[in-house]
Amino acid sequence: MKLKKLGALLGAGALVCALGLVGCSGSDASSSSSAPASSGEAADEVVLVNDGKLTVAASLDFPPFENLEGEEAVGFEVDMMKALAEQMGLEAEYLPSTKFDTIIPLISAGGKADVGVSGFTITEDRKKEIDFTDVLIDSNQGVVVNPDSGYTSADDLAGKTIATQSGTTGYDWAVENIPNANVVPYDEMTAVFSALQSNQADAIVADLPVVQYYVTNAYPEMQIIEEIPTGEQYAIVVSKDNPKLTEELNAALEELKANGKYDEIYAKWFGESAQ
Ligand code: ARG
């Protein structure tokens, strides 16, 4: 079911109501059920791609936030999405891993996934295209190099080749802050690390918790030479056509923060309490 422009449906829905073809309840804000596209319900209802499910698009290459363990999506944000969905009376369902830089267009086009959750930093540019929920967690950038590279800070990287993930804030940071760098975008974080390991790149710039995870678990010889305090904040990406979903996710998030579930999930992945 494709639900692209709720604006158009509003008109259709009003017409259907006028003809008395379907039950046209008022705009009761408490409902978390889905509004089937065919009934043309208004934008004050949550719209879902699949009834009863919160369908999630994610680039599953971003541990400890979202990663694949066999076929299964795991991570801090995966647990958060499961808990948020449950809080809303829904079940979280992950699509197969989706290329990071295609997720925002996919969410704004509608019809495939209800939310994009992939360590998405809130930015003014992105806000023009989609809505963000309230903040899930804070993050920064980090710079990674090979052992014995001689580089000790980002200042040493002018004119060098920097591996980043396509469409990320790390890519933007490198382009804007490392003079004359050759900033190379890769589709997947795994490819970003392979590029450094095979000396196709001199350094990586990417989200700090993720590079810490990769270095600790897969590339212990590599070195994180700098933490860049970009002060980024991750949030869930929702279509601008689905404001009620953003609202309900925010209400559910507030509840999980109040009832201790958020802290529990945080401690599971980061080994300490959030506060
Ligand atoms: N926080 C960065 C951004 O929003 C990087 C996110 C990359 N996410 C991923 N799942 N690979 O641009």
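As the structure lists them, so they are numbered: ligands from 1, and atoms in each ligand from 1.
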Per-atom contacts of ligand 1 with D207, taking only distances under 4.0 Å to non-hydrogen atoms: 1 (N), 2 (C), 5 (C)
Atoms in ligand 1 with a heavy atom of F120 nearer than 4.0 Å: 4 (O)
Contact (N/O only, under 3.5 Å) between G119 and ligand 1: yes
Numbered atoms and elements of ligand 1 in range of T169, under 4.0 angstrom, heavy atoms: 1 (N), 2 (C), 3 (C), 12 (O)
Donor-acceptor under 3.5 Å (T55 side chain, A113 main chain): no
Taking atom 4 (O) of ligand 1 as the reference point, the nearest protein heavy atom with its distance: R126 NH1, 2.7 Å
Parallel, tilted or perpendicular, as decided by the 30° and 60° cut-offs, for the rings of F65 and F76: perpendicular
Residue part near ligand 1, for K99, under 4.0 Å between non-hydrogen atoms: neither
Minimum side-chain heavy-atom gap V115-L245 below 4.5 Å: yes
Location of contacts on Q165 toward ligand 1, heavy atoms closer than 4.0 Å: side chain
Atom indices of ligand 1, in the order listed, that fall short of 4.0 Å to a heavy atom of Y234: 1 (N)
Atoms of ligand 1, numbered as shown, that sit under 4.0 Å from any heavy atom of F100: 3 (C), 4 (O), 6 (C), 7 (C), 8 (N), 9 (C), 12 (O)
SB check D44 K244 (cutoff 4.0 Å): no
Side chain E66, main chain D61, donor-acceptor under 3.5 Å: no
Nearest neighbour in protein (non-hydrogen) for atom 10 (N) of ligand 1: S59 O, 3.1 Å
Closest approach of any protein heavy atom to atom 8 (N) of ligand 1, naming residue and atom: S118 O, 2.7 Å
Contacting atoms of ligand 1, where contact means under 4.0 angstrom from a heavy atom of D61: 9 (C), 10 (N), 11 (N)
Short side-chain to backbone donor-acceptor contact, E77 and G119, under 3.5 Å: yes
K53/D51 salt bridge by N-O under 4.0 Å criterion: no
F120 ring center near Y234 ring center (under 6.0 Å): no
